[in-house]
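Within every chain, numbering begins at 1; the chains are lettered A, B, ... in the order of the sequence lines, protein sequences first and strands thereafter.
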Amino acid sequence: MPGPSDARYQPQTIEPRWQTAWDTAGCFLAKVDPSRPKYYVLEMFPYPSGRIHMGHVRNYTMGDVVARYKKAQGFSVLHPMGWDAFGMPAENAAMQEGGHPATWTYNNIEVMKGQMKPLGLSIDWSREFATCDPEYYGQQQAMFLDMLKSGLVYRKNAVVNWDPVDMTVLANEQVIDGKGWRSGAEVEKRELTQWFFKISEYSEELLAALDTLEHWPAKVRLMQENWIGKSRGIDIPFRRTDGEAPIICYSTRPDTMHGASFVAISPEHPVSRALAEDNAELAAFIAAARKMDTTEAAMEKAEKKGIDTGITVRHPIHPDQELPVWVANFVLMDYGTGAVFGVPAHDQRDLDFARKYGLPVRNAFYLPGQEVEVENEALVPPKSETVDFIDHFAGVTKATSQEAIDATIDYFEAHDLGVGQEKYRLRDWGLSRQRYWGCPIPVVHCDACGVVPEKKENLPIRLPEDVSFDKPGNPLDRHPTWRNCACPACGKEARRETDTMDTFVDSSWYYARFTAPHAATPTDPAEAEYWMNVDQYIGGIEHAILHLLYSRFFARAMHKTGHLPASAVEPFDALFTQGMVTHEIYKTKDERGRPIYHLPEDVEDGKLIATGEAVETTSSVKMSKSKKNVVDPVNIIEQFGADTARWFVMSDSPPERDVEWTSSGAEATFKHLSRVWAMGERIAAMPADAPGDDADLTRAMHRAVDEVTTMIEGFAFNKAIAKLYEFSNTLSKSKASARMQKEAARVLAQLMAPMVPHLAEDLWHQLGGDGLVTEAAWPKADPAFLVDDTVTLPVQINGKRKAEIAVALDASKEEVEKIALSDEAVTRALAGATPKKIIVVPGRIVNVVI
RNA sequence: GCCCGAGUGGCGGAACGGUAGACGCAGAGGAUUCAAAAUCCUCCGCCCUAACGGGUGUGUGAGUUCGAAUCUCACCUCGGGCACCA
């Protein structure tokens with residue numbers, strides 16, 4: 001006769017069953033409910049590459065734990081999912097395999113969704129969209145027009161990386177050793193007219209508001225602060241001896257002015273360009289500078305070069321001193337004024353330059369007591385260090401550089417010699433891409449009217465479907481008819497803009513669209529008002545700067561154009577950046593010593609399963625296809641079920657750190673879940689009136705509720721799981737009554753539900769829980785059961801633990817002292833010595849000092 | 001180069017300035033079994049000891065404190081971010 005003990009934990013059966021039950025009950029449809037507090041939890045939406053990986057599983061499980069927990073706490077929860085669906089991989093696939101980017105993308109979305117569904121995530125799929133849906137990018141175009149009207153978007157010439165083979169602009173990170181990452185062609189600098197968002201207008205606000213983001217990681221705030229890069233300096237005009245307009249130099253170190261020995265201007269500086277017109281040598285120099293590789297490594301190695309223009313300027317403080325003006329390849333046009341004065345003694349670049357071209361080197365200050373001239377290493381002490389200034393015009397003698405900088409700026413302003421400035425490193429966001437698979441920029445070029453915005457009623461400007469990728473370049477550009485249109489202003493024949501938007505634009509507002517995904521306007525004010533902001537955003541640290549900064553800007557721009565309330569300008573109240581999933585690498589070598597990598601599923605006990613050959617195992621790193629150290633979530637779900645995958649990725653490491661996937665860990669998780677399931681069966685089958693002592697289990701249950709709640713609130717999922725292990729171990733050994741064991745098992749199911757919802761649902765059902773555990777209210781701990789009436793105190797002698805004593809919780813210090821000193825182990829350790837002092841920390845510790 | 005962060009058993013990791021190593025993995029021993037798998041029980045930082053027990057121990061060195069993994073300083077190692085930004 002088959003009894004309960006014959007039943008086995010079968011996730012393959014129970015998981016689909018409960019997923020259907022949730023769908024039928026509509027558990028995860030987000031509803032505006034003014035009677036409840038709302039909670040919006042969002043994970044960074046995926047790029048539809050075609051397969052999910054363990055990183056996705058970890059990211060979405062974290063969000064799901066939060067979403068399910070908040071739902072149980074009575075919040076009206078919004079937990080949506082969508083697809084960051086525009087971008088180059090779709091075009092590359094079309095080039096390599098033929099087909100259309102849209103087909104490729106939508107197929108991938110179907111496949112990935114099919115892989116995600118079995119995870120049992122509490123997602124409101126009715127809100128799903130892809131950024132390549134015309135309904136989405138059409139609204140993005142509408143916002144672009146509004147922003148254009150508000151002056152948040154503009155066009156200007158910019159120097160870009162141009163790949164002459166692929167005929168497209170490349171981002172800096174796509175240029176490797178000066179060559180296009182795909183074509184391998186020598187990358188050129190080209191000047192193109194590009195669209196820009198005026199993010200720099202918000203530099204100060206984006207910087208200042210970082211302080212309000214209390215629930216963001218300090219690391220991310222710091223990275224953004226550095227990226228915005230505020231500096232205080234001064235613009236100083238240098239009068240030219242030939243009477244032409246002065247050259248304005250920007251400096252953050254005007255305190256070193258005394259040591260200025262030349263002025264250097266950027267090759268792109270208007271003065272350089274003007275001179276180059278009848279100076280072939282200079283023209284060649286500027287061309288060479290443009291070709292120069294802009295990657296970090298190359299910058300470091302690149303030689304500092306310059307050309308003397310023959311122009312001279314006067315030192316602002318010592319007008320009798322004439323300084324030569326050089327064009328120098330290390331001066332950037334788009335920071336400050338594109339011109340600097342060189343102080344070789346206190347700047348390494350200037351010093352290298354001065355030594356190369358024989359320019360004078362003069363100290364502006366010395367370290368106290370060390371009056372030595374600079375040789376080949378510039379003297380650059382911290383701005384907070386006190387130094388001795390030489391003959392400083394503002395009367396500064398012994399001072400820190402910071403004090404001297406402030407004094408200098410005051411002096412220059414007072415004498416009308418310069419204007420104090422605050423500058424930012426943050427530059428405007430260039431959004432034009434010469435690509436097909438992106439959101440078309442909705443403007444028209446008309447010979448008569450110039451650049452004209454499309455009419456909103458013509459939106460969306462759809463991408464044409466009949467395109468080919470057999471030739472390099474932008475298919476929109478060479479499409480026979482798509483470009484042709486009527487000018488929205490005059491109605492005459494005109495041409496569409498063929499650039500599309502950077503895909504970062506798509507992801508800069510998707511969180512807002514989720515609040516009203518089908519609205520006929522970009523957002524719906526009532527829905528945005530109710531659901532915004534995102535209460536908890538979860539994603540990878542790799543988006544610390546660009547995506548998050550762009551989104552912060554975009555929310556402000558959306559507010560300015562009436563698409564978001566003022567309360568939503570910081571769209572993410574709390575941010576959590578999760579670690580990666582790693583795995584060991586297994587490799588063997590071929591006959592020529594080259595590594596061959598092997599999938600974890602082909603290796604057992606350090607040997608290849610197929611041949612028995614020993615593999616070399618290297619330490620765990622981020623899962624990557626090229627190293628084959630990947631575990632496919634689909635296989636894990638087939639083998640162990642989704643709950644095992646979910647529990648394991650949450651259990652082993654703190655969520656902000658990397659977690660190492662191990663097969664032994666996954667198996668152990670499955671065994672544990674099987675044990676819990678079998679325990680549920682056993683407890684459910686207990687005769688209802690079986691008696692027992694309930695005190696210990698009651699206490700353990702309330703403690704578990706209290707601790708797990710605190711741990712989940714604090715994103716300490718690994719610790720919550722450790723507590724759940726403890727509690728289920730306690731329950732399995734409990735001698736409590738059937739009534740109490742059943743209650744405790746139901747509470748265990750509730751506490752486990754955020755992590756392993758299917759198993760929890762099954763337990764809850766077996767144990768007679770009411771309805772779905774997914775809809776049940778989170779249990780509350782009774783504080784009365786959280787304190788013991790006696791406590792165990794360690795007793796230390798001179799800070800070293802020697803004994804333990806049990807005392808009443810409310811025992812007085814004197815009583816505790818007495819009990820401690822009369823303890824046998826304490827007397828032994830004291831060995832007759834007289835205590836000098838006894839420290840009693842109630843409920844904590846006793847320390848006897850001898 | 002500049003700016004952050006982290007170093008705890010064989011491993012992943014716990015620990016409001018108060019019993020270091022919770023919980024899990026791996027390992028050892030035992031029960032069950034004809035045997036194995038599965039399951040259950042016990043042990044498990046290192047050194048000395050048959051045991052009781054003692055010593056030692058959170059990257060290194062100093063310091064503050066009755067008491068330091070935790071606070072301070074210096075150093076070492078690893079990880080991350082930024083970088084001709086004047």
Ordered by number, residues from residues 661-676 of chain A within less than 4.0 Å of RNA chain B (heavy atoms) are Ser664(A), Ala668(A), Lys671(A), Arg675(A)

When you check the glycosidic angle of rG9(B), does it come out syn, meaning within 90° of 0, or anti?
syn

Can you check the distance between rU65(B) and rC16(B), where both ends of the measurement are the P atom (answer in whole Å)?
23 Å

In whole Å, measure the gap between the C1' atoms of rG7(B) and rG59(B) for me.
6 Å

Considering only rA20(B), rA86(B), rA14(B), which nucleotide approaches the side chain of Ser231(A) most closely?
rA86(B)

Against Met650(A), only a single residue in Val57(A), Val65(A), Asn718(A) fulfils side chain to side chain contact (heavy atoms under 4.5 Å, CB included); can you say which?
Val65(A)

Give me the distance, rounded to whole Å, that separates rG13(B) from rA31(B) when you measure between the C1' atoms they each carry.
31 Å

Rounded to whole Å, the NE2-P distance (His346(A) to rC84(B)) equals 23 Å

Closest to side chain of Arg657(A), choosing from rA86(B), rU19(B), rA14(B)
rA14(B)

Met580(A) CE to rG12(B) P, in whole Å, measures 15 Å

Among the nucleotides rG24(B), rG18(B), rU19(B), whichever has the atom closest to the side chain of Thr792(A) is rU19(B)

Please report the distance separating the P of rG61(B) from the corresponding atom of rU77(B), rounded so that it comes out in whole Å.
16 Å

If you check every side-chain atom of Asn226(A), which of rC3(B), rC41(B), rG18(B) has the closest atom?
rC3(B)

Could Lys719(A) and Glu707(A) be called an ion pair, given the rule that one side-chain N must be under 4.0 Å from one carboxylate O?
no

Heavy atoms from C-beta onward define the side chain here; which of rC84(B), rG18(B), rG53(B) lies closest to that of Arg828(A)?
rG53(B)

Can you confirm if the aromatic rings of Phe715(A) and Phe717(A) lie within a centre distance of less than 6.0 Å?
yes

Side chain proximity check, Arg675(A) to Tyr9(A), heavy atoms < 4.5 angstrom
no

Tell whether Lys836(A) reaches the base of rC66(B) with its side chain through a donor-acceptor pair below 3.5 angstrom.
no

Residue pair Trp326(A), Phe353(A): steps toward the ring pair (Phe, Tyr, Trp, His ring centres under 6.0 Å) verdict
CA-CA 10 Å; Trp326(A) 287 67; Phe353(A) 193 79; 5.6 Å; yes

Rounded to the nearest 0.5 Å, how far apart are NE2 of His346(A) and CZ of Arg253(A)?
8.0 Å

Separation of rC16(B) atom P from Glu707(A) atom CD, nearest Å, is 12 Å

Which nucleotide wins on minimum distance to the side chain of Asn718(A), given the candidates rG13(B), rG24(B), rC85(B)?
rG13(B)

Once you apply the 3.5 Å cut-off to both distances, tell me the Watson-Crick or G-U wobble partner of rA74(B), or none.
rU60(B)

Looking at Asp235(A) and Lys423(A), is there a salt bridge between them, counting it only when a charged N and a carboxylate O are closer than 4.0 Å?
yes

What's the gap between rC34(B) and rA50(B) when it is taken at their P atoms, as a whole Å value?
39 Å

Considering only rC16(B), rU19(B), rC84(B), which nucleotide approaches the side chain of Arg844(A) most closely?
rC16(B)

Over how many whole Å does the gap from Leu351(A) atom CG to rG1(B) atom P extend?
17 Å

From CZ of Arg349(A) over to P of rA86(B), roughly how many Å is that when rounded to an integer?
7 Å

Tell me which nucleotide among rA14(B), rA86(B), rU19(B) gets nearest to the side chain of Lys719(A).
rA14(B)

Under-4.0 Å side-chain N/O to phosphate OP1/OP2 contact, Lys800(A) with rU19(B):
no

Can you identify which nucleotide, out of rC16(B), rA22(B), rC66(B), has its nearest atom closest to the Ala722(A) side chain?
rA22(B)

Could you please name the option among rC23(B), rC3(B), rG81(B) that lies closest to any side-chain atom of Ile545(A)?
rG81(B)

Please report, rounded to the nearest Å, how far the C1' atom of rG5(B) is from the CD atom of Glu656(A).
12 Å

